[in-house]
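Order of listing sets the numbers, starting from 1, for every ligand and every atom in it.
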Amino acid sequence: AANYAHVLVSRPQPAVALVQLNRPKALNALSAAHFKDITDALVEADADDSVGAMVLTGSDKAFAAGADILEMKDKTFADAFTNNFLANWEIITKLRKPLIAAVSGYALGGGCELALMCDIILASPTARFSQPEISIGVIPGGGGSQRLTRIVGKSRAMELCLTGRMFDAYEAERWGVVSRVVDGADGAKKEGGTESISPVVKEAVDMAATIASKGRVAAIACKEVINASFEMPLTEGLRYERRLFQSLFATHDQKEGMAAFAEKRKPNFTNS
Ligand code: CAA
């Protein structure tokens with residue numbers, strides 16, 4: 001993997017790429033250069049044939065404390081508009097392989113929005129989310145008003161975006177913002193020799209390894225149809241799902257997966 005100034009890239013499992021935001025002095029505030037490193041590292045992992053799934057994480061204190069306020073404070077409307085400020089963030093949503101966010105500490109503003117662009121969010125009990133932009137004279141700009149609203153509904157989204165209040169890991173779990181809170185103690189027990197990696201990251205890496213062990217073509221198709229459900233009316237979405245389902249009968253992994261079931265053995269997927 002290439003070297004990046006603001007992210008660390010590792011391979012905690014052979015088929016799992018772990019991308020860690022690494023700008024600790026600014027609580028992983030997302031400057032333009034930081035965000036470019038994040039997207040470059042993820043695009044590189046996404047294109048790597050040996051990677052089946054990816055994990056994005058921050059530090060124990062902060063997943064990311066938002067867009068870099070010091071960098072944006074003097075920006076003009078003309079500059080923001082002409083250069084389509086933040087439009088490049090959508091690169092994250094174009095990745096084809098499953099991406100899991102492991103969130104500890106602050107996930108604020110753009111940090112919350114970055115997590116919401118991932119396919120699955122796991123949270124540690126310390127996770128704190130918010131869309132605080134209203135408190136600095138703006139509104140969410142990385143998809144918060146749209147993605148959060150689709151998940152938590154109008155009244156909660158209005159409350160959160162209009163007051164900027166933080167919500168914790170358990171509220172996020174109740175509302176479906178995160179799929180699960182990974183309890184520190186349980187995670188630590190399972191950890192064995194890898195204590196340098198936090199329980200939530202460990203759980204996300206294990207989940208990514210499970211996903212990577214499935215047929216790659218089916219995993220990518222699965223991500224694609226679920227994401228399509230946010231863009232399409234139900235009839236179109238159902239048609240799209242059925243067509244992709246049918247097309248998987250052209251793959252070796254479908255033949256292998258179903259043969260393995262019939263023969264009561266483990267499948268040997270070849271991602272083809
Ligand atoms: N931008 C730039 N720098 C930031 C930052 C941000 N979003 N968040 C934290 N930092 C920096 C601080 O400036 C500080 O740097 P120095 O040590 O050089 O002074 C360092 O990180 C540590 O921060 P604090 O001293 O404030 O730490 P704390 O523990 O007292 O507070 C915090 C933590 C509650 C997260 C607080 O830093 C905070 O409120 N940060 C801003 C959160 C925010 O408003 N985010 C939204 C940004 S707007 C946005 O994201 C737009 C969008 O939709 C894309």
Side-chain angles (χ1 to χ4, degrees), residues 4-8 19-40 42 56-95 99 101-118 121 123-152 154 156-169 171-172 177-178 198 200 230:
Y4 299 99
H6 304 299
V7 300
L8 302 170
V19 176
Q20 183 175 9
L21 281 64
N22 187 31
R23 223 189 140 211
K25 283 191 183 137
L27 299 180
N28 289 328
L30 301 162
S31 64
H34 192 194
F35 208 87
K36 183 170 189 316
D37 277 0
I38 296 166
T39 49
D40 285 354
L42 289 170
L56 183 65
T57 195
S59 67
D60 286 346
K61 181 148 192 222
F63 179 73
D68 191 315
I69 300 168
L70 305 179
E71 191 179 79
M72 26 181 204
K73 72 186 190 22
D74 298 322
K75 196 178 275 294
T76 62
F77 163 75
D79 177 20
F81 182 75
T82 308
N83 295 304
N84 210 359
F85 184 42
L86 298 188
N88 61 321
W89 283 27
E90 290 198 355
I91 292 169
I92 307 277
T93 66
K94 308 281 191 281
L95 298 167
L99 172 63
V103 177
S104 295
Y106 297 117
L108 311 182
C112 184
E113 294 168 312
L114 176 59
L116 290 169
M117 284 190 278
C118 298
I121 308 177
S124 79
T126 64
R128 310 262 280 154
F129 300 86
S130 79
Q131 296 295 158
E133 292 86 353
I134 196 81
S135 305
I136 53 170
V138 289
I139 61 172
S145 70
Q146 306 302 300
R147 292 198 178 89
L148 192 62
T149 305
R150 279 164 171 72
I151 299 165
V152 304
K154 172 177 163 175
R156 276 189 195 124
M158 285 283 186
E159 181 198 330
L160 294 170
C161 294
L162 287 170
T163 68
R165 85 157 171 93
M166 287 193 199
F167 55 103
D168 68 21
E171 284 180 288
V177 174
V178 310
S198 74
V200 71
F230 292 96

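- Residues E113 and L30 form no side-chain contact, since every pair of their non-hydrogen atoms from C-beta on lies 4.5 Å or further apart.
- Considering every non-hydrogen atom in both A64 and N28, the closest pair reads CB-O, 3.4 Å.
- Contact annotation for atom 48 (S) of ligand 1: protein present (non-hydrogen atoms, distance under 4.0 Å).
- Between S135 and T163 the shortest heavy-atom distance is OG-O, 4.3 Å.
- For atom 19 (O) of ligand 1, the nearest protein heavy atom is 4.0 Å or more away.
- Residue S104 comes nearest to S124 through the heavy atom pair OG-OG, 3.1 Å, listed as atom of the first residue, atom of the second, then distance.
- Only the side chain of L86 comes within 4.0 Å of ligand 1, judged by heavy-atom distances.
- Taking all heavy atoms of C112, A62, P132 into account, the minimum distance to atom 44 (O) of ligand 1 is reached by P132.
- Looking only at heavy atoms of the protein, atom 9 (C) of ligand 1 is closest to A26 O, 3.8 Å.
- The atoms of ligand 1 that sit less than 4.0 Å from any heavy atom of G110 are 49 (C), 50 (O), 52 (C), 54 (C).
- The A67 neighbourhood of ligand 1 comprises atoms 1 (N), 6 (C), 7 (N), 47 (C), 49 (C), 50 (O), 51 (C), 54 (C), with distances under 4.0 Å to a heavy atom of that residue.
- Under a 4.0 angstrom heavy-atom cut-off, G144 registers as lying outside contact with ligand 1.
- Distance check for atom 52 (C) of ligand 1: a protein heavy atom is found below 4.0 Å.
- Here the heavy atom of the protein found nearest to atom 54 (C) of ligand 1 is E113 OE1, 3.3 Å.
- At the shortest separation from atom 1 (N) of ligand 1 among protein heavy atoms lies I69 N, 2.9 Å.
- Counting only heavy atoms from C-beta outward, the side chains of T39 and I92 approach each other to under 4.5 Å.
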Can you list the steps and then say if M72 with V138 is a side-chain contact (heavy atoms from CB on, under 4.5 Å)? CA-CA 11 Å; M72 26 181 204; V138 289; 5.9 Å; no
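- Between E133 and ligand 1, at least one N/O pair is under 3.5 Å apart.
- Here the heavy atom of the protein found nearest to atom 38 (C) of ligand 1 is L108 CD1, 4.6 Å.
- The shortest contact between atom 37 (O) of ligand 1 and any protein heavy atom is with L27 CD1, 3.9 Å.
- Distances from atom 30 (O) of ligand 1 to the protein include no heavy-atom value under 4.0 Å.
- For the residue pair A32 and E71, the shortest heavy atom distance occurs at N-OE1, 2.9 Å.
- Summary of contacts: the protein heavy atom closest to atom 15 (O) of ligand 1 is K25 O, 4.0 Å.
- By the 30° and 60° cut-offs, the orientation of the rings of W89 relative to F35 is parallel.
- For atom 23 (O) of ligand 1, the nearest protein heavy atom lies under 4.0 Å away.
- The nearest protein atom to atom 13 (O) of ligand 1, hydrogens excluded, is given as L70 CD1, 4.6 Å; this is a heavy-atom distance.
- Residue contacts with ligand 1 for W89 involve side-chain atoms from C-beta outward but no N, CA, C or O (heavy atoms, distance under 4.0 Å).
- Heavy-atom contacts from other residues, nucleotides or ligands closer than 6.0 Å to CD1 of I139 number 12 or fewer.
- No side-chain heavy atom of N22 sits under 4.5 Å from any side-chain heavy atom of H34.
- Heavy-atom proximity to M72, at under 4.0 Å, picks out these atoms of ligand 1: 48 (S).
- Between V178 and F129, the closest side-chain pair of non-hydrogen atoms falls below 4.5 Å.
- For the pair V7 and Q20, the minimum side-chain heavy-atom distance is 4.5 Å or more.
- Under the 4.0 angstrom criterion for non-hydrogen atoms, Q131 is not in contact with ligand 1.
- Heavy-atom contacts of P140 reach the following atoms of ligand 1: 53 (O) (cutoff under 4.0 Å).
- The shortest side-chain heavy-atom distance between V177 and F167 falls under the 4.5 Å cut-off.
- Considering only non-hydrogen atoms, atom 43 (C) of ligand 1 lies nearest to A65 out of G141, G111, A65.
- Looking at A29 against ligand 1, only its side chain comes within 4.0 Å, counting heavy atoms.
- A salt bridge is defined here as a Lys NZ or Arg NE, NH1 or NH2 lying under 4.0 Å from an Asp or Glu carboxylate O, and E171 with R156 fails to meet this definition.
- In this structure the side chain of Y106 reaches within 4.5 angstrom of the side chain of M166, judged on heavy atoms.
- Using a 4.5 Å cut-off on side-chain heavy atoms (C-beta onward), T126 and D60 make no contact.
- Distance from atom 28 (P) of ligand 1 to its nearest protein heavy atom, with residue and atom name: K61 NZ, 4.4 Å.
- At a heavy-atom cutoff of 4.0 Å, ligand 1 is contacted by the side chain of I136 but not by its backbone.
- Below 4.0 Å from some heavy atom of G66 lie the following atoms of ligand 1, by number and element: 50 (O).
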